[in-house]
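For reference, the structure discussed in these notes is given below.
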Amino acid sequence: MFPEKHFIISSLSHQHALSWARAPAGCLNFNCMLILLPVCRNLLSFLRGSIQYCSRTAARQLDRNITFHKLVAYMIAFHTAVHIIAHLFNFEYFMDAQLNRNSSLLPFVLSEIGNGDNASFLNPIRSNETNPTIVMFTTIAGLTGVAITLALILIITSSMEVIRRSYFEVFWYTHHLFIIFFIGLVLHGFGRIVRGQTEKSMNVSNPLVCADHFEDWGKNDSFCPVPKFAGNPPMTWKYVVGPMILYVCERIVRLYRSHQKVVITKVVMHPSKTLELQMKKKGFHMEVGQYVFIQCPSVSRLEWHPFTLTSAPEEDYFSAHIRIVGDWTQALYEACGGDKTEPQEAWQLPKLAIDGPFGTASEDVFRYEVVMLVGAGIGVTPFASILKSVWYKHIQNNQEVFTKKIYFYWLCPETQAFEWFADLLQSLEGQMTEKGMTDFLSYNIYLTRWKETEAAHIRPNTHIQMGVFLCGPPQLGKSLEKQCLSHSEANVKFIFNKENF
């Protein structure tokens with residue numbers, strides 16, 4: 001915006017309120033351009049696969065996509081609040097300019113321009129018999145602004161952790177109000193409610209000079225004709241059209257994958273209501289520690305839920321262990337016959353759709369001679385795939401695997417909900433005993449809530465490079481990373497990899 005043009009608008013509104021509205025609007029455009037990119041998981045999967053050939057560290061940053069998505073959302077909420085408050089002040093000044101009908105005041109003179117043909121007005125409030133509330137609900141900018149704000153409030157409040165964990169369906173459905181948000185965002189500027197002096201008018205009526213002679217505008221002996229005004233063209237669509245196209249392509253890919261046939265080869269009901277699904281899908285290839293999104297159309301055609309793969313790439317199927325902790329998982333449990341005493345026939349099992357798999361930092365586990373795996377609670381799930389795959393590769397004498405020793409630590413209040421994992425550890429221990437490799441895996445299970453002092457005990461006596469992989473709460477990650485740094489000596493190098501599933 002030209003300084004002269006800004007001067008004219010500021011003469012009608014408060015001197016700073018317009019700037020406080022326009023600056024956050026620019027930040028909103030930029031952040032709304034970014035908000036969709038972190039949730040294009042197929043795009044991120046492609047980028048991860050391309051980048052990791054150059055830098056594995058850079059590729060791991062893509063695994064923090066949800067954290068980045070949240071930070072951008074916080075900035076959108078902040079700038080929206082500033083934008084709204086600033087415009088509330090602007091509209092009060094617009095209204096005051098109509099109410100204070102004094103021809104010796106520049107705001108009133110500017111408000112009177114365009115009253116005849118209404119073609120070149122500056123003040124969006126055209127009469128002193130209305131109020132800002134009526135204007136808010138009778139203009140494109142007002143209506144879309146209200147819709148955007150309501151959608152944003154519902155999206156943010158339903159994204160709180162307590163709601164997301166306890167009422168996931170509420171989070172899932174309200175999050176799709178982003179469609180209304182983006183439609184309103186694109187249309188918001190088409191009302192052209194923010195107006196300024198046209199460039200042609202500024203050439204003959206310089207606002208820096210003519211503002212002091214507004215009482216003589218348009219008179220025969222005046223060198224300042226009446227200024228002409230026009231609405232600023234909408235700009236938001238230029239920022240968001242690219243990400244919106246990418247996201248539509250993302251949804252098309254998901255739709256295509258959702259129609260690919262998935263065969264459930266085996267259903268295992270583990271104790272403590274844990275459902276294991278073993279599946280096959282044509283062209284499906286996975287790596288250790290990856291996860292997929294699962295949809296069950298008979299339960300819900302809209303909901304996709306992420307689950308870590310617990311199978312190894314060497315196995316001829318892929319599997320997921322699902323704890324029954326909510327309405328969706330309970331419905332899936334019943335659809336698979338979990339509430340029945342007799343096993344389900346293959347034709348009775350529900351149809352599933354799979355999107356993925358998607359990578360994580362756990363794929364780096366084979367690069368280290370000594371590996372430390374630390375899981376907290378449900379964070380133990382991805383290590384099922386890792387432990388099995390490392391063992392398979394080791395007994396097959398895979399030359400690309402350098403792992404010679406695994407230290408595994410599991411911290412949880414109780415193992416009842418993860419008895420399937422305890423059975424896996426016992427099975428691996430038995431196979432290692434048969435092969436005479438009892439020292440390959442060393443594991444410790446802490447059946448208590450973890451304390452910061454416990455992380456200090458996780459220090460094996462080794463003199464080689466070690467990779468540390470964590471899946472658990474951020475507090476544990478900070479504590480463990482601190483211990484790794486404090487115990488890094490000249491002959492011990494800790495490579496810390498943190499994953500939050």
Side-chain angles (χ1 to χ4, degrees), residues 37-53 56 59-66 69 249-267 275-297 303-323 328-329 332 351-367 373 375 378-393 400-401 420-421 424 469 471 497-501:
L37 299 179
V39 293
C40 293
R41 49 182 182 252
N42 288 288
L43 172 64
L44 294 180
S45 182
F46 170 77
L47 293 176
R48 185 186 294 107
S50 303
I51 294 175
Q52 68 179 357
Y53 291 106
R56 288 181 177 269
R60 280 199 291 269
Q61 300 306 313
L62 294 175
D63 293 319
R64 302 180 181 178
N65 59 316
I66 298 302
H69 178 74
C249 293
E250 166 78 16
R251 296 308 291 255
I252 292 174
V253 172
R254 295 185 194 178
L255 181 64
Y256 169 75
R257 286 184 171 181
S258 67
H259 286 83
Q260 291 180 318
K261 186 177 181 180
V262 177
V263 178
I264 301 177
T265 58
K266 189 176 182 180
V267 177
L275 175 67
E276 178 185 355
L277 295 179
Q278 297 183 7
M279 298 161 282
K280 288 185 177 182
K281 179 181 177 181
K282 185 178 180 180
F284 187 91
H285 302 285
M286 61 163 288
E287 297 294 338
V288 295
Q290 291 188 314
Y291 62 95
V292 295
F293 282 80
I294 300 179
Q295 180 206 49
C296 182
E303 294 184 42
W304 292 80
H305 294 262
F307 294 98
T308 303
L309 293 172
T310 54
S311 54
E314 292 77 10
E315 295 174 313
D316 61 352
Y317 63 89
F318 63 96
S319 65
H321 285 70
I322 303 171
R323 286 190 63 194
W328 188 89
T329 52
L332 179 63
K351 292 183 179 180
L352 297 180
I354 301 293
D355 188 20
F358 302 104
T360 69
S362 301
E363 296 174 8
D364 296 338
V365 70
F366 306 117
R367 299 172 57 208
L373 306 177
I378 191 63
V380 76
T381 308
F383 297 134
S385 175
I386 294 174
L387 288 172
K388 288 193 290 185
S389 184
V390 170
W391 174 244
Y392 283 135
K393 293 180 185 297
E400 296 181 358
V401 178
W420 63 270
F421 191 84
L424 170 63
F469 294 80
C471 185
N497 298 274
K498 179 170 62 175
E499 282 299 324
N500 295 315
F501 288 81

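Position 1 is the first residue of the sequence, and the numbers go up from there.
- Considering only residues two or more places apart in sequence or on other chains, L43 meets the side chain to side chain contact (heavy atoms under 4.5 Å, CB included) condition with C40, L47, L246.
- With sequence neighbours left out, the side-chain hydrogen bond (donor to acceptor under 3.5 Å, both in side chains) criterion links W328 to no other residue.
- Within the 4.5 Å cutoff, the side chain of E287 has no heavy atoms near those of the P357 side chain.
- Take L255 and apply the side chain to side chain contact (heavy atoms under 4.5 Å, CB included) test, not counting sequence neighbours, and it matches S258, H259.
- Side-chain polar atoms of Q260 and K282 form no donor-acceptor pair below 3.5 angstrom.
- When ring centroids are compared, F307 and Y291 stay outside the 6.0 Å threshold.
- Taken to the nearest 0.5 Å, the CD atom of E315 stands 11.5 Å off from the NZ atom of K280.
- The CD1 atom of I322 lies 5.0 Å from the CG atom of L275; values are rounded to the nearest 0.5 Å.
- Using a distance-only test at 3.5 Å, with no hydrogens or angles considered, no donor-acceptor pair links the side chain of T308 to the main chain of P382.
- The minimum heavy-atom distance between I294 and A320, with the atom names listed, is CD1-CB, 4.4 Å.
- Residues passing the side-chain hydrogen bond (donor to acceptor under 3.5 Å, both in side chains) test with Q278 are E276, sequence neighbours excluded.
- Residues passing the side-chain hydrogen bond (donor to acceptor under 3.5 Å, both in side chains) test with T310, sequence neighbours excluded: S319, H321.
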Side chain to side chain contact (heavy atoms under 4.5 Å, CB included) between R41 and F293, worked out: CA-CA 10 Å; R41 49 182 182 252; F293 282 80; 3.4 Å; yes
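- Distance check, rounded to the nearest 0.5 Å: CZ of F358 to CG of L62 gives 13.0 Å.
- Partners of N42 by side-chain hydrogen bond (donor to acceptor under 3.5 Å, both in side chains), not counting sequence neighbours, listed by chain and number: E250, R257.
- Scanning both residues, F383 and L373, for their nearest heavy atoms gives CE2-CD2, 3.9 Å.
- Considering OG of S311 and CG of L277, their distance stands at 11.5 Å, rounded to 0.5 Å.
- Closest approach of L309 and S385 over heavy atoms only: O-CB, 3.5 Å.
- For the pair K281 (side chain) and I354 (backbone), a donor-acceptor distance under 3.5 Å is present.
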Test log, rule side chain to side chain contact (heavy atoms under 4.5 Å, CB included), inputs V262 and F284: CA-CA 10 Å; V262 177; F284 187 91; over 6 Å; no
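- The minimum heavy-atom distance linking V288 with S389 is given by the pair CG1-CB, 3.2 Å.
- L352 contributes atom CG, which lies 4.0 Å from atom CD1 of I264 (distance to the nearest 0.5 angstrom).
- Interatomic distance, M286 CE to F318 CZ, rounded to the nearest 0.5 Å: 9.5 Å.
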